[in-house]
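Read the structure below first, then the notes.
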2 protein chains.
Amino acid sequence: MPAISKREQIVATALKLFYQDGFNATGIDRIIKEAGVSKKTLYNHFKSKDELILATLRQRDEVFRNTLMRETERLGNTARERLLSIFDAHGNWIQEKSFSGCMFINAAAEFAALDDPNHIIAAEHKRLVRDYIRGLAEEAGANDAETLSLQLNLLLEGCIVDAYVSGNKDSAQLAKSMAAVFVEQALA
Amino acid sequence: MPAISKREQIVATALKLFYQDGFNATGIDRIIKEAGVSKKTLYNHFKSKDELILATLRQRDEVFRNTLMRETERLGNTARERLLSIFDAHGNWIQEKSFSGCMFINAAAEFAALDDPNHIIAAEHKRLVRDYIRGLAEEAGANDAETLSLQLNLLLEGCIVDAYVSGNKDSAQLAKSMAAVFVEQALA
DNA sequence: TTAAATGTATACCGATCTGTTTACCTTGTA
DNA sequence: TACAAGGTAAACAGATCGGTATACATTTAA
């Protein structure tokens, strides 16, 4: 058994290409070429391109949220601090050379129908991120954790889009300073 | 001379289809069929699909910003009120049945490279919207119009994405309540 | 050792893509 | 009336799309 399975190779390559070039713009032939894998192997693991897209989105969700939580907890020591360090984690992400916006916002843009499976996965990802924020808000003792999580979530979305579309790499800083107002308000 | 030129027919149809289904997912054949126009006519007016996309984005920018400014000014009587009524205008837009997110965010997602002409147009559109906000902020006498415009702009982006990806149709209300904090702070 | 599973490489399929060409028709105007 | 501009309809070109089939090689485990 190899250290990295063929399936993982395929998903990793597809993830990179879908993220940087888009889903429709990335063909199967390109994926197998860069993954160093035959077409038959790909279709042995995934019965269609759409299933491969779903698999990459599921993996992205898992890895992204794990990284986000780890970084947020590394950069803040208390729940209250973490409600703000989540913006620092985003700031670091935005600064990365490979940053190409939020893969789930991008997926929602390409798979516009609300009932498209890929759009649904995107919405679920957003919900899970907000659940994490709400958990932090509750832990910090916010008087309205639900509202605070909605507010901070909206600021996160805004800073990601601003960074991606307009290339504003300081948007996370701005969002953090705005978030501080609502955190203080909720924890007064 | 017909009331609506062929060129306008094509752009209007392309706009609708690109917006609701995406750019790569919408083929030329579909556009000419729905526009009721021959392929030769389309390529007589636009030398490539990419030029058609650029033309539709330019038109969308113009129409969107005109509508936004008109609505914002209808819903607010003073510059200060308009810094908030711009969120009401967005709220009404989000409620529309045809709402499919921000066409420029969608374009940036499909044309990921920062130097892609379509991505550049998207960034310019965002800059022009923020210029409008900054103008209102200056008119209202904000002590730091630049910062206030960045803040309100970030809230707008956030509420659009939240409405589109997660289907949260109340996000403009939330964003408006958050914006009020910063407007008050800047106009104290 | 041998057989099954899993891989590669590549040809191929039908559909669809952007874009061109050809032939014909309609319409406004000189 | 005649001509030029701009339109339609449809065949066509060449590339690429997602996906399948074939033939052969390699690995794995009974």
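Just so it is clear, the values below take in all heavy atoms, side chains as well, and ignore hydrogens, waters and symmetry mates. All figures in this text were calculated on a predicted structure; none of them were measured in a lab. Residue numbers start from 1 in every chain, and the chains themselves are labelled A, B, ... in the order their sequence lines are given, proteins ahead of strands.
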In this structure, how many angstroms lie between the [atom2] atom of [N] and the [atom1] atom of [X], rounded?
X: B:L52; N: C:dT18; atom1: CG; atom2: C1'; answer: 12 Å
X: B:I31; N: C:dC17; atom1: CD1; atom2: P; answer: 10 Å
X: B:I32; N: C:dT16; atom1: CD1; atom2: P; answer: 15 Å
X: B:Q9; N: D:dG7; atom1: CD; atom2: C1'; answer: 11 Å
X: A:E51; N: D:dG19; atom1: CD; atom2: C1'; answer: 14 Å
X: B:I10; N: D:dG6; atom1: CD1; atom2: P; answer: 14 Å
X: A:F46; N: D:dT20; atom1: CZ; atom2: P; answer: 15 Å
X: A:R7; N: C:dT6; atom1: CZ; atom2: P; answer: 14 Å

> Does A:R127 pair with A:E124 as a salt bridge, N-O distance under 4.0 Å?
Replying inline: no
> OG1/A:T72 to CG/A:N92 distance, rounded to the nearest 0.5 angstrom?
Replying inline: 10.0 Å
>> Go nucleotide by nucleotide along DNA chain C from the 5' end; which of B:D50 and B:K40 gets its closest nucleotide reached first?
In response: B:D50
Show me the donor-acceptor pairs, under 3.5 Å and distance only, between side chains in residues 174-188 of chain B and residues at least two apart or in other chains.
from, atom 1, to, atom 2, distance (Å)
B:K176, NZ, B:D88, OD1, 3.2
B:K176, NZ, B:D88, OD2, 3.0
B:S177, OG, B:L174, O, 2.7

Can you tell me if the side-chain N/O atoms of [X] get under 4.0 Å from OP1 or OP2 in [N]?
X: A:N44; N: C:dT6; result: no
X: A:T41; N: C:dT8; result: yes
X: A:H45; N: C:dG7; result: yes

> According to the interplanar angle, ranging from 0 to 90°, do the rings of A:F87 and A:H90 count as parallel (below 30°), tilted (30 to 60°) or perpendicular (above 60°)?
Replying inline: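 A:F87 and A:H90: tilted rings.
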>> Quick check against the 3.5 Å criterion: does B:E81 have a side-chain atom that pairs as donor or acceptor with the backbone of B:N77?
In response: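 The answer is yes, because a donor-acceptor pair under 3.5 Å joins these two groups.
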>> I need the minimum non-hydrogen distance between B:E51 and B:F46, along with the two atoms involved.
In response: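 Taking every non-hydrogen atom into account, OE1-CA, 3.7 Å.
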Extract from the structure each pairing of a protein N or O with an N or O of nucleotides 13-18 of chain D at less than 3.5 Å, listing the distance.
from, atom 1, to, atom 2, distance (Å)
D:dG18, OP1, A:K49, NZ, 2.7
D:dG18, OP2, A:I28, N, 2.8

>> Just to verify, what does A:E34 make a salt bridge (Lys or Arg N to Asp or Glu O under 4.0 Å) with, not counting sequence neighbours?
In response: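 A:E34 satisfies salt bridge (Lys or Arg N to Asp or Glu O under 4.0 Å) with A:K16, A:R30 only.
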